[in-house]
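Each chain gets a letter, A, B and so on, in the order its sequence line appears, and its residues count up from 1.
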Amino acid sequence: MNRKSLFTGAGIFSVLLSILGIAVMAGAVQLGIGGLQQPGAGLFPFVTGVIIAASAIVVIATELDGKNEVTALPLDKNGCRTLAVVIMSMAGWIVLMPFLGYIVVSFAAVFALAKVLGVKGSLQPLILSAGTSLAIYVLFDRLLYLDLPRGWFGQG
Amino acid sequence: MQNLLACFIGSFLGTIVGVLPGVGPAATMTLLLPFTLGMPPETGLIMLTGVWFGSQYGGSTTSILVNIPGEAASVVTCIDGYQMTKKGRGGAALAMSSVGSFFAGTIGIIGLQLFAPSLATAALLFGPPEYLAFLLLAFLLLVGLTGESPAKGMVMFGLGFWISTIGISPMDGVPRYSLGSEGLISGIEFVPLAVGLFGVTEILVVSIQKYVPPMLAKVRIRDLYPTREEAKRSVNPALRGSVIGFFMGLLPGPCTILSTFLSYAIEKKISKTPERFGTGMIEGVVGPESANNSAVMGSMIPLLALGIPFAAPSAIMLAGLRMHNVYPGPLLFTESPDIFWTFIAAMYLGNLILLLLNLPLVGFFARIATIRPALLMPFVSIVCLVGTYSIRNSFFDVWVMICSGIIGLLFRKWEFPVAPLVIGVVLGPMTEVNLHKTLIMFDGSLLPMLERPIAAGFLVGSVAAICYMIWRAWKGPAPRWSE
């Protein structure tokens, strides 16, 4: 039998899920499972914790058995770097929006994303950023009348 | 007029989404949810269904012309559709698949019109034990019918149920798993979670995948005409596909995908020349494409009549309706029948709109498939961010979206299906309430459920589903679950 190590990404992920299931069960006990005749707030979460933990253990067992040959989304160093930049762009959008307003941060975020996704030069990303910011403004501000933060530039 | 416009926008967007590989109807429907808040509930439902319906039309375009399925439900169409393109019959394949889709969509709408009210009437007999037993059967079927690993499906259901418990308990007002956080006390909102899992995950996946530009075959309007023989050979597959798809839609699971596989398998089985399948047989295109359109309407029946979604897109529609304080189920037909019948009328028109859009504009839609993800994804990212923020003007929701997207990437990497999680989140509260009510009704025991014929029937089905899963575990993996 082709036995695999548990110390693969999939294995570790499954172990974390089983730990989560156990934590959910522990939390449910603290909430109070109650009795079957008078179920408490923790009964259903306890059941979900059992489902998560038990199923994750089965996944771990099949992982160890070598039955799951997972090959989706191979990730190298460049890929991780790209992911980090994409996530940071989105996080930056949240952090900076109250100060700079949604149009400016959207412009900057689209430019950064376009560059990290491989759009060459500066003209295309700039056009894309301007077009996206304009589209967002028209759609959310003018058509849907949503009150989005305008930051320092919208004050006064 | 508003409903017609919503139908047109939904169908148009859906066709575009269907054409674009990677961006699925579930992600698009989730992104549209905040926009539907300002609309009447039936208008929002029409737009969202238009997206789902339209994506089934659009998915066939790139499958046939480029051999790249725009949608998971169009994978099978690639097999013979692209071969027809290589023989210069791509236009005919597109035309007949559109006509077949229109025909099947019409059959599906008629079926929905006939069956949904009847099922809703029968569902008035359902009490908490019946709903609990039905939900159990539905979950087991969802996990067991597809997906490489039922265990992974169960993990995801469990996660979905657990996420639905975060916040204030509906039974006794106790905060659960809030960890003292104000954001978590009000629970995890569905839209940020779904936008993250479907939209942000896709953006992250695209950012790390190598882009290969598709080689697009040109199709002129005059190439759309099928020969008399092609048209004649398409009639029966369209009829069969319509029926297969409609009944597959009634089952839990990725109905549109399953229906196409089943339709293709049946067409090949009953064909006098099965060895020619895979070389450009029009039956292998029209049958599956008809099935996936009809399946969309079939899956609306459990959603509207019982309030139970059997697939991720219908779970999103349920979430959308709930945001309007409309609760699909048996009472929808007595308290708000206008919603249902307005929806039916719009779907007939939407089906026609899709046929009229897809045939003359096939060149335009095919070109959309050549848009580089590097240009599209930044725009989609900002729509995700702003759309999610606009629900409650809450940055917490946007953080939830980003975290869901990262976790969704891990799920994708290690092949944990996301649809059960989404359905679990939507149905978790209903399951919990029915479990509590059943336990209280029967004084702490679930055995009296066996004395109720409907509940007992569902429980017997659940046992059969478990037996099937065990048998499948011995036999080998089933087709992959993806939306």
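- With a threshold of 4.5 angstrom between heavy atoms, A/V119 approaches chain B through its backbone and through its side chain.
- The greatest number of non-hydrogen atom pairs below 4.5 Å with chain B, out of A/R81, A/Q124, A/Q30, A/M97, is found for A/M97.
- For chain B, the option among A/I52, A/L113, A/I87, A/I94 with the highest count of heavy-atom pairs below 4.5 Å is A/I94.
- Considering every non-hydrogen atom in both A/A109 and B/I382, the closest pair reads CB-CD1, 3.9 Å.
- Contacts between A/L128 and chain B at a heavy-atom distance below 4.5 Å involve the side chain alone, from C-beta outward.
- Distance CZ/A/F46 to OG1/B/T165: 13.5 Å, rounded to 0.5 Å.
- B/F157 places none of its side-chain heavy atoms less than 4.5 Å from the side chain of A/T48.
- For the set A/G49, A/A91, A/S129, the count of heavy-atom pairs under 4.5 angstrom toward chain B peaks at A/A91.
- For the residue pair A/P39 and B/I440, the shortest heavy atom distance occurs at CD-CG1, 4.0 Å.
- Within 6.0 Å of the CE atom in A/M88, the count of heavy atoms belonging to other residues, nucleotides or ligands does not exceed 12.
- For A/K115, the NZ atom is densely surrounded, since the number of other residues' heavy atoms within 6.0 Å is greater than 12.
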Would B/F416 and A/S14 satisfy side-chain contact (heavy atoms from CB on, under 4.5 Å), going step by step from the backbone distance to the final call? CA-CA 10 Å; B/F416 283 80; A/S14 305; 4.0 Å; yes
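- Using a 4.5 Å heavy-atom cutoff, the side chains of A/L148 and B/Y389 are in contact.
- Looking at heavy atoms from C-beta onward, B/L159 lies in side-chain contact with A/L20 at the 4.5 angstrom threshold.
- Summarising the geometry of B/D443 relative to A/Q37, their closest heavy-atom pair is O-CG, 3.1 Å, with the distance given to 0.1 Å.
- For a residue to count as touching a neighbouring chain, one of its non-hydrogen atoms must lie under 4.5 Å from one of that chain's; by this rule A/A54 does not touch chain B.
- The shortest side-chain heavy-atom distance between B/F161 and A/P45 does not fall under the 4.5 Å cut-off.
- Under a cut-off of 6.0 angstrom, the local environment of CZ in B/F379 is sparse, with at most 12 non-hydrogen atoms contributed by other residues, nucleotides or ligands.
- Although no hydrogens or angles enter the test, the distance criterion places a donor-acceptor pair under 3.5 Å between the side chain of B/Y177 and the main chain of A/V24.
- Between chain A and the options B/L375, B/N393, B/L435, B/V174, the largest number of non-hydrogen pairs under 4.5 Å is found for B/L375.
- Relative ring orientation between A/F13 and B/W414 is described as tilted, the plane-to-plane angle lying within the 30° to 60° band.
- Pairing each heavy atom of A/L83 with each of B/S207, the nearest pair is CD2-OG, 3.8 Å.
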Please determine whether side-chain contact (heavy atoms from CB on, under 4.5 Å) holds for the pair B/W162 and A/I51, giving the CA-CA distance in whole Å, both sets of side-chain angles, and the decisive distance to 0.1 Å. CA-CA 10 Å; B/W162 173 62; A/I51 293 172; over 6 Å; no
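- The shortest side-chain heavy-atom distance between B/E432 and A/V47 does not fall under the 4.5 Å cut-off.
- Looking at B/L446, there are no atoms closer than 4.5 Å to chain A (heavy atoms on both sides), in backbone or side chain.
- Contact of the B/P378 side chain with the A/T132 side chain is not registered, since no non-hydrogen atoms from C-beta on lie closer than 4.5 Å.
- Side chains of B/P170 and A/F44 form no contact here, defined as non-hydrogen atoms less than 4.5 Å apart.
- We find the OG-OH distance between B/S390 and A/Y102 to be 11.5 Å, quoted to the nearest 0.5 Å.
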Test side-chain contact (heavy atoms from CB on, under 4.5 Å) applied to B/K152 and A/S55, step by step: CA-CA 7 Å; B/K152 284 183 177 175; A/S55 306; over 6 Å; no
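- Taking both residues in full, the closest heavy atoms of A/V59 and B/A151 are given as CG2-CB, 3.7 Å, listed atom of the first, atom of the second, then distance.
- Proximity to chain B is limited to the side chain of A/F140, based on heavy atoms less than 4.5 angstrom apart.
- The most heavy-atom pairs under 4.5 Å with chain B, out of A/G21, A/P149, A/G35, A/G131, come from A/P149.
- For B/M154, the parts lying under 4.5 angstrom from a heavy atom of chain A are both the backbone and the side chain.
- Ranked by non-hydrogen atom pairs under 4.5 Å with chain A, the options B/L439, B/L204, B/I208, B/V386 are led by B/V386.
- The heavy-atom pair separating B/R176 from A/A41 by the smallest distance is NH1-O, 2.7 Å.
- Of the two parts of A/A112, neither the backbone nor the side chain holds a non-hydrogen atom closer than 4.5 Å to a non-hydrogen atom of chain B.
- Within the 4.5 angstrom heavy-atom criterion, no atom of A/I57 approaches chain B.
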